[in-house]
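Before any comments, here is the structure.
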Amino acid sequence: MTDSIMSKAATMEIPINSNGDTGTLPEDDSLEQDLQQVMVSGPNLNETSIVSGGYGGAAEGIIPTSSIKGSNMHHSSSSSSMMAEEATRGVAVEKLETVKKWGLNTYKCTKQMISERFGRGSRTVDLELEAQIEVLRDTKRKYENVLRLARALTNHFYNMVQTQHALGDTFADLSQKSPELRDEFGYNAETQKLLCKNGETLLGAVNFFVSSINTLVNKTMEDTLMTIKMYESARLEFDAYRSDLEELSLGPRDAVAMARIEAAQQQYQVQKDKYERLRSDVIIKLKFLEENKVKVMHKQLLLFHNAISAYFAGNQEQLEQTLKQFNIKLRPPGADKPSWLEEQ
């Protein structure tokens with residue numbers, strides 16, 4: 001059978017055209033036309049097809065590349081949305097973990113505070129440091145009272161000086177309008193003006209005294225008390241975690257309990273380091289505060305005494321010398337009046 005097929009192929013006629021070239025089959029013509037089209041216009045990538053099978057295969061094997069591009073773009077957008085979703089989920093988990101830690105810490109501290117208040121829990125006590133803290137709080141209360149009284153004195157004395165100023169102007173005006181009492185009104189006007197001038201000088205000294213006491217009380221002492229509050233909070237947290245560790249140590253010693261004890265030991269050590277660091281900060285600040293307080297009050301009390309004594313003794317020269325000694329500069333007249341910008 002094979003021999004018959006081969007003999008038929010050998011005897012098959014090959015058509016010859018008029019120029020002596022062999023004729024082409026219809027399939028070869030279509031292939032040549034496609035090649036010419038590609039050479040002239042170039043390939044169109046948007047219309048490029050992937051063909052399964054040979055040239056001129058079945059249409060079911062053709063896959064347009066446009067569908068591949070759309071699939072890739074959809075996959076890229078899906079990946080970016082998944083990454084954004086993962087990032088959002090990570091932030092939410094982190095916030096939830098932070099809230100969880102804060103809630104657990106608050107619960108332990110509240111439990112410790114209630115236990116201490118009802119006498120069922122133990123607390124860490126530093127008798128010497130707590131005594132110094134109590135002395136500072138009592139000192140601050142007393143200095144606040146001094147500041148309140150000094151401000152009241154300043155306000156009353158300012159009103160008196162303003163009254164003396166107005167009275168001196170009135171006496172001076174009457175001395176011009178009452179010839180028969182010109183001399184009497186005249187020297188009373190001069191006396192009131194002199195008292196007013198000395199009063200303004202004393203006000204400068206008292207205002208400087210009030211300003212210095214205010215800085216000492218509401219800035220320096222307050223800063224130290226803020227550190228003390230942080231120290232007391234750290235002490236409460238330290239005792240809370242210490243009590244928690246002691247309770248766990250009295251319980252069973254299985255694998256789960258040992259893991260919890262180890263975690264509690266680490267937290268206890270962290271709170272202990274924080275407590276000791278703040279305790280050291282409080283001791284240092286109390287020391288420097290005491291030195292600063294003595295230094296400031298020595299200067300301010302000397303200023304207050306010398307200024308008051310010179311004013312009521314009528315010694316204008318000594319009063320002015322006191323202000324020079326403490327480098328106090330008086331504001332010019334009218335400086336108390338706010339500018340038009342401040343009034344807006």
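For the numbers below, each heavy atom of this structure counts, side chains included, while hydrogens, waters and symmetry mates do not.
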query: Can the ring centres of Tyr187 and Phe171 be said to be less than 6.0 Å apart?
result: no
message: If I compare all heavy atoms of Gln192 with all of Gly168, which pair ends up nearest, and what's the gap?
response: CB-CA, 3.8 Å
query: Between Tyr231 and Phe238, is a ring pair (Phe, Tyr, Trp, His ring centres under 6.0 Å) present by the stated rule, with each step listed?
result: CA-CA 10 Å; Tyr231 157 75; Phe238 166 67; over 10 Å; no
From CA spacing to verdict: salt bridge (charged side-chain N to carboxylate O under 4.0 Å, His left out), Glu144, Lys140: CA-CA 6 Å; Glu144 285 174 343; Lys140 185 173 183 291; 2.5 Å; yes
message: Tell me every residue that passes salt bridge (charged side-chain N to carboxylate O under 4.0 Å, His left out) with Glu184, counting only those two or more places apart in sequence or in another chain.
response: none
query: Distance from Phe185 atom CZ to Lys177 atom NZ, nearest 0.5 Å?
result: 11.5 Å
message: Does either side chain, that of Ser122 or that of Arg242, offer a donor lying less than 3.5 Å from an acceptor on the other one?
response: yes
- prompt: Which pair of heavy atoms, one from Ser175 and one from Gly186, lies closest together, and at what distance?
  reply: CB-N, 3.9 Å
query: Do Gln132 and Leu136 have side chains that get closer than 4.5 Å, going by heavy atoms?
result: no
message: Is the shortest side-chain heavy-atom distance between Ser211 and Asn207 below 4.5 Å?
response: no
- prompt: Any donor-acceptor pair under 3.5 Å linking the side chain of Thr163 with the backbone of Asn159?
  reply: yes
Distance, nearest 0.5 Å, that separates CD of Glu134 from CD1 of Ile228: 10.0 Å
query: Would Glu290 and Lys293 count as a salt bridge (charged side-chain N to carboxylate O under 4.0 Å, His left out) if you check the C-alpha gap in whole Å, the side-chain angles of each, and the deciding distance to 0.1 Å?
result: CA-CA 5 Å; Glu290 184 64 24; Lys293 183 193 72 174; 3.3 Å; yes
query: Who pairs with Gln267 by side-chain contact (heavy atoms from CB on, under 4.5 Å), at least two apart in sequence or on another chain?
result: Lys108, Tyr241
Closest non-hydrogen atom pair, Phe209 against Ala150: CE2-CB, 4.0 Å
- prompt: Between Thr110 and Thr106, which heavy-atom pair has the shortest distance, and what is it?
  reply: OG1-O, 2.7 Å
Would you tabulate the side-chain donor-acceptor contacts of residues 254-265 under 3.5 Å, counting partners in other chains and residues two or more places apart, or write 'none'?
residue, atom, partner, partner atom, Å
Asp254, OD1, Ala257, N, 2.9

field: Backbone of Thr322 reached by a side-chain donor or acceptor of Asn306 within 3.5 Å
entry: no
message: Other residues, nucleotides and ligands only: do more than 12 of their heavy atoms fall within 6.0 Å of CE on Met160?
response: yes
statement: Nearest heavy-atom contact between Ala205 and Leu323 is CB-CD1, 3.9 Å
statement: Taken in chain and number order and not counting sequence neighbours, the residues that satisfy side-chain contact (heavy atoms from CB on, under 4.5 Å) with Thr170 are Leu174
- prompt: Where the side chain of Asn315 meets the backbone of Tyr311, is there a donor-acceptor pair that is under 3.5 Å apart?
  reply: no
query: Does atom CD of Glu180 have more than 12 heavy-atom neighbours, drawn from other residues, nucleotides or ligands, at distances under 6.0 Å?
result: yes
- prompt: With ILVMFWY side chains joined below 4.5 Å, transitively, what does Leu194's cluster contain besides itself?
  reply: none
task: Determine, for Lys324 against Glu320, whether the closest basic-nitrogen to carboxylate-oxygen distance falls under 4.0 angstrom.
output: no
Side chains of residues 269-289: which donor-acceptor partners sit under 3.5 Å, not counting sequence neighbours?
residue, atom, partner, partner atom, Å
Gln269, NE2, Asp273, OD1, 3.2
Lys274, NZ, Glu237, OE1, 3.4
Arg279, NE, Asp126, OD2, 2.7
Arg279, NH2, Asp126, OD2, 2.7
Lys285, NZ, Asp223, OD2, 3.0
Lys285, NZ, Thr227, OG1, 2.9

message: In the structure I gave you, are the side-chain heavy atoms of Val125 and Leu127 within less than 4.5 Å of one another anywhere?
response: yes
- line: Scanning both residues in full, the closest heavy-atom pair of Tyr143 with Ile213 reads O-CG2, 4.2 Å
- request: Check whether any side-chain heavy atom of Lys193 sits under 4.5 Å from a side-chain heavy atom of Gln164, and report yes or no.
  value: no
